[in-house]
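Report on one structure; see the data block that follows.
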Amino acid sequence: MRISRIAAGAFAFAAVSAVGFFAVGRHPAGGLAAAATPSPIDQIIQARGLTPDEAAAALKVFVPPGKYDDFVMITSGGHRGSVMLYGIPSMRLLKEVPVYSPDSWQGWAQGGTDSMEVLKKGSFGPGLPTLTWGDLHHPQISLTNGKYDGEWIAVSDKAAGRVGIISMKDMKTKTIFKTPNIVSDHHAVFTDDSDWLVQTAFFPMPFNEKNGYAPIEQFKDKYRGSASFLKFDRQKGAIEVAKSFQIELPPYFQDLSILGRGPSDGMLFINSMDTELAFGGVLEKRPPLEVGASMHEMDYLHVIDWKKALALAGQPGKTHLVNGIKVMTLSTAVAEGLIYYVPESKSPHGVDLSPGGEYVMVSGKLDPHVSVFSVEKIKKAIAEKNVEGKDPYGIPILKYDACLEAHVQVGLGPLHTVFDDKGYAYTSLFLDSAVAKWSMGGVYAEKNKEKESWKLVDKVSIHYNIGHLQAPGSNTKHPYGKYLVALNKWSVDRFPPLGPLHPQNLQLIDISGPKMVLLSDTPTIGEPHNAQIMPIELLQAWRTYPETGFDSAKMAHSAYATAQGKERIERKGNTVTVWGTVMRSHYTPDIVRVKEGDKVVFNWTNVETAEDATHGFGVHGYNVNLSIDPGATERAEFVATKGGVYPYYCTEFCSALHMEMTGWLLVEPASTKLAEK
Amino acid sequence: MVRGPDWWASLTLATVALLALGFAWFAPWWEMQARAPQYGQRTLIVLVNPRGVEGDVFEVDTLGHYVGIQKMENFAPFERRLAPYGLGAAILGLMTVPWLRRRWQRLAVVSPALLLPIFFLIDLDWTMARAANDRDPDAALNLVLKHVDTRLFGEYILAQFKVTARPGIGLFLAGLAALLAVGLIFAVPLRLRRRSGPAKVLTVAAAAVAALLLWLPGRALAAEVFVPEGRSVATAIEAAREGDTLVISGLHRERLAVKKKLQLVGRPGATLDGEGEGTVLRIEADGVTVEDLVVRGSGDVYSKEDSAIRIEHAAGVQLRRLRIDDALFGVFALQADRCVVEGVVLSGKNLPPIRRGDGIRLWYSSGCRLAGNVIDQSRDLVIWYSSGTLVEDNVVRRSRYGLHYMFSDDNLFRRNRFEDDEVGAVIMYSHRITLEDNAFSFATGASANGLMVKDADDVFIRGNRFIGNATAIFLDGAPQSRGGKLEVRGNLIARNDVGVALQPSSRGATFWENAFIGNRVQVQVQGTGTAEGTRWAVGGRGNYWSDALIYDRDGSGISALPYRPENAYEVLADRYPTLAFFDATPAADAIDLGARLFPFFAARAKMTDPHPLSRPPLNDWTSSRTESSGNLAAAGGGLFAIAGLLAWGARRMS
């Protein structure tokens, strides 16, 4: 204690001296004289009323014009249905990429044929409308050999059980896949080489029943959770449903999950809640769901041998098709010994894996500890059948003490844990409104050189109600350290009054030193639940499309491309197809004549190759806007339902003559007499 | 012998009237149901009859005290004392009336029976209207109510409560008796002279029935069954009838389930031992009572919640004077409304702290009372989703959360001691909580708050002692709602690392007449905010600050110099809640020196107490509290703290 105090004291003194030196050092008189006649920098600090910490934080986060940040953070937009890209440390918003919801700026699902098709394919199907929103909780960057490769982003949808795939080549969504038999997923995790995506069900569903229906009173018997193993086609950014499969699980709201690596390779760990099997019924004299689901002491960390399940899924008789996907029944999974439980503290949020795959960290939000389970011990307990009982579905529960490596006392309301490169872990504390930093043991003890492993070493207060937190490369084999971002649910008073709906607050924290230092607050758009942070060098997106006439949906030359000089308008029956080009600053063609009731198809190719020379295509009255990026071919089709004159124009400022970049869609009314009046 | 028909009529009328009155005495005469959003599906029911008030009295009293309504036990004391005499008079009158000849005599003797229900209703109406409107003007939430139009029957609104009042069965029976009494006035009298015959027999029989009616319900038809060592308690439970009492002696190595209303009473030393497996005693019937037993030796499996006593779906269970040893969970109460846990001495299993279970866990159980329990080396005292709980005179020490409390409204905590726990008490997501005369001492965990209040409103913290915690009081989002209150008054906050820590989102709290003595940092505001949204004085009276510069020119006890702590070191220190690494080390001084050398480092005033007290207001508390055993400790603690402050000050000076 004494030594750490002295060390901390020395550090503080050094920090103050350094800042002081920076502030006064270049003044010829220095020292006390500086106080009398402050340097220009001192004057700025004084004028803005900054403290030493704030002055230092300002220097740490500033990125000069034209320079890039060190890292890019990909956050989810929550029920905005998009992801955001932020630069770290500046916390500048670099881009928003729409996935589940329309974005008229980017022409996403705003009348564009390809994007509308992606949304339609990713909906529930006949009987229900095309979904135009989603609740995007977790983004994940694709991995190669357990490290970020900067190629794909997979995102979840808590509102529909879907996976969205974004290509990081052009930052556009390529696929929305509606997984059968589930209606929700908290996140989708990639395997270390991104050949599989694993999704868990969250809401239990009676998917085995006819029409997918069973009364809620049959919750225990008819409702089921699941884990979905989706085969990912890395070339196309698509899901191969024929090769994919699901394992049926008890109705325990399977939530976050993490795939093993190294010693835990082939294992899948899933958090659950509501092992009480409560389903609410406030007006029916049952306790509300949140009350019912917090009756017991423990829930179950599911440990699934998914590589063995994968081998079995290929064998006949081990799976059967349910709504178009192979499903392994719960009884088969139990009989094959694929699933074990480890008791975990009630209603946990995070399940996180140490970078090397040796330990699984679980935090029950009502327990002020992080439970650290050893993969080695779990395997041993499974091998020795060291169980303390079975759940009602026959799944063995491993002895808690036999699996536990350590309890780390971190503070109140621990949720999620991330890792740095120096052998430390960081846990978000919802109730304390803080982040706890603690030393890891095992192989990580050599890195952090702390005398005590699994021990709290620092805490920083955050504002307010932290959910996830994220550090660069945290879920990979190769964490980078340096920064930590707290994704806070409430901002309360951190920003000026903006109406009753407050933005959320991203807080950037410097974790490069022994003590965490809060650097900045950033308001968000949408609700960022989780994020991933990778070095900016891995961002290898195209600045223009690689060839002219590129189909961004298929990532290949477009069958609908038009070369300059080949522009034309073709009529086949009631369908009028426009093969056009755009460039600064005109449309070819700029006059399109159709009849009321005709189907109009626009195929526009941006023939420019200059960076940033994007054109828009906004049509009056028909709810269409495209963003035609340099090299891209974009399409829109609609029925000209009402006669009249509908100008179209470039919505993205392109040149000095941008305002003149317009055209005319002339829809001749069906009754010409009416038109002549 | 001539038997006229009137003879029988008179006797029948009198007997039925007597029976009706007898039953009425034990039945509710009037019923009030109150529903409010915070009680969810639960309806508070109060039953009134001439003997007194029953039902959810504690809950209604607790709610009432916020708006200044007196406790129901104080209502109509005179009438309650009078009621038995009134009943006696009515019975006597009914028994006498058949023998009286004159109408006016008859009217006179039946008048008690006639007047009883009428007087009851008039008195109830008057008492109720007075109680609802003569409220304590100083009550915390008095202003939310204006005039209340109470009703004897029907629906009305009282604050957020929807109240339905209706007559009970007792009133109907009493009314019936009164009607029959009117009939008796006009019935043909009996002849007094006829000494022999059935009349006399019947008179005696009627008297006997009346007497029996008064006695019977009071005496249960229950049996007492003795279960000595060597005989199975489980077998005895199986053989017992509802209402029986099992008197247990000796050691019983058994795990039991009680599914009927029984009393389990131990002779000295009587012990139930679960032999280290499973749950020792399960209670699954309403109204079970367990007294004077040692319950020990539960299993240690979390996923099965091995407990000494588990109450599930059973209301009105009472546990008294038990010793619970070697149990993973002590008392695990699920949907156990109106349970009483009193005088239980509990120590957990001999396991490392992280592997222990909760001492007492109340889950979805309203209207419970935890009193005089001692919990040692356990995990938490948990109260979740349980409104209307009274927690008094308990000691929780060497545990994890002294009090782990959420989503539970209208609770009162008084005279409890939380010592050497990781966290003293955490109160979250709740409303209308009062903490009085408790002690929160030496919380020393990773979030070592003596008391943490998060996202809660209408919390009243009065006369408590906070000593030697990392942070004495931590407020995060409390109060948070429009009009929400959080009052901290008359507390002793001494020798903590941090006296009060505030997230800037906590606005509108009021602190006055507290003594902040020798805390390393008296007030800490996190996140580069200020505590300007907090009121530090009320009615010209602030707090006592041991580090304040006092100038009390007129001896009024109020210093003329506002207390405005500001120094650069504290600005820096705010970032490190509960970890006072720098304090009293050269580095702290170096930072202050740095701040003096480089004045462009803005030191910020984070709060202002406009009227600091010149003396710690110890006398004020002691005089305001009657017979509190905590007073001596408070005074002692205060002196101890002042001594500590002097020592600390001396060290700073040197």
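Keep in mind that this is a model prediction, so the values were computed, not measured. Reminder, nothing fancy here: chain letters follow the sequence lines and each chain counts from 1.
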Contact leader toward chain B among A:L366, A:T275, A:D367, A:D391, where contacts are heavy-atom pairs under 4.5 Å: A:L366
Mind checking whether A:Y426 and A:I511 have side chains closer than 4.5 Å, heavy atoms only? yes
Give a yes or no on whether the backbone of B:T279 and the side-chain of B:S298 come within a donor-acceptor separation of less than 3.5 Å. no
Can any side-chain N or O of A:H502 pair as donor or acceptor with the backbone N or O of A:P500 at less than 3.5 Å? yes
Is any side-chain N of the basic residue among B:R398 and B:D420 closer than 4.0 Å to the acidic one's carboxylate O? no
Heaviest contributor of heavy-atom pairs below 4.5 Å to chain A, chosen from B:M428, B:Q335, B:R355, is B:R355
Atom group of B:V382 that falls short of 4.5 Å from chain A, counting heavy atoms: neither
Most contacts with chain B, counted as non-hydrogen pairs under 4.5 angstrom, among A:Y341, A:F430, A:Y300: A:F430
Can you tell which of B:K454, B:Q480, B:M406 has the highest number of heavy-atom pairs within less than 4.5 Å of chain A? B:K454
Heavy-atom cut-off 4.5 Å, strictly under: side chain, backbone, both or neither for B:Y302 against chain A? both
Exercise: do A:D493 and A:Y464 side chains pair donor with acceptor under 3.5 Å: yes
What do you reckon, is CH2 of A:W490 surrounded by more than 12 foreign heavy atoms closer than 6.0 Å? no
Return the option, out of B:R379, B:K304, B:R507, with the maximum number of heavy-atom pairs under 4.5 Å with chain A. B:R379
What part of A:V410 lies closer than 4.5 angstrom to a heavy atom of chain B: side chain, backbone, both or neither? backbone
What part of B:F474 lies closer than 4.5 angstrom to a heavy atom of chain A: side chain, backbone, both or neither? side chain
Quick one: which of B:D300, B:V423, B:L334 has the most heavy-atom pairs under 4.5 Å with chain A, could you say? B:L334
Is it the case that B:H313 and B:E284 place a side-chain donor and acceptor less than 3.5 Å from each other? no
For the residue pair B:H404 and B:W384, is the inter-centroid distance of their aromatic rings smaller than 6.0 Å? yes
Is it the side chain or the backbone of A:S294 that comes within 4.5 Å of chain B heavy atoms, both, or neither? both
Of the backbone (N, CA, C, O) and the side chain (C-beta and beyond), which part of A:E290 lies under 4.5 Å from a heavy atom of chain B, both, or neither? both
Proximal component of A:H369, with respect to chain B [non-hydrogen, under 4.5 Å]: side chain
Any Lys/Arg nitrogen of B:R310 or B:E305 sitting under 4.0 Å from an Asp/Glu carboxylate oxygen of the other? yes
What part of A:I462 gets closer than 4.5 Å to chain B, counting heavy atoms only: side chain, backbone, both or neither? backbone
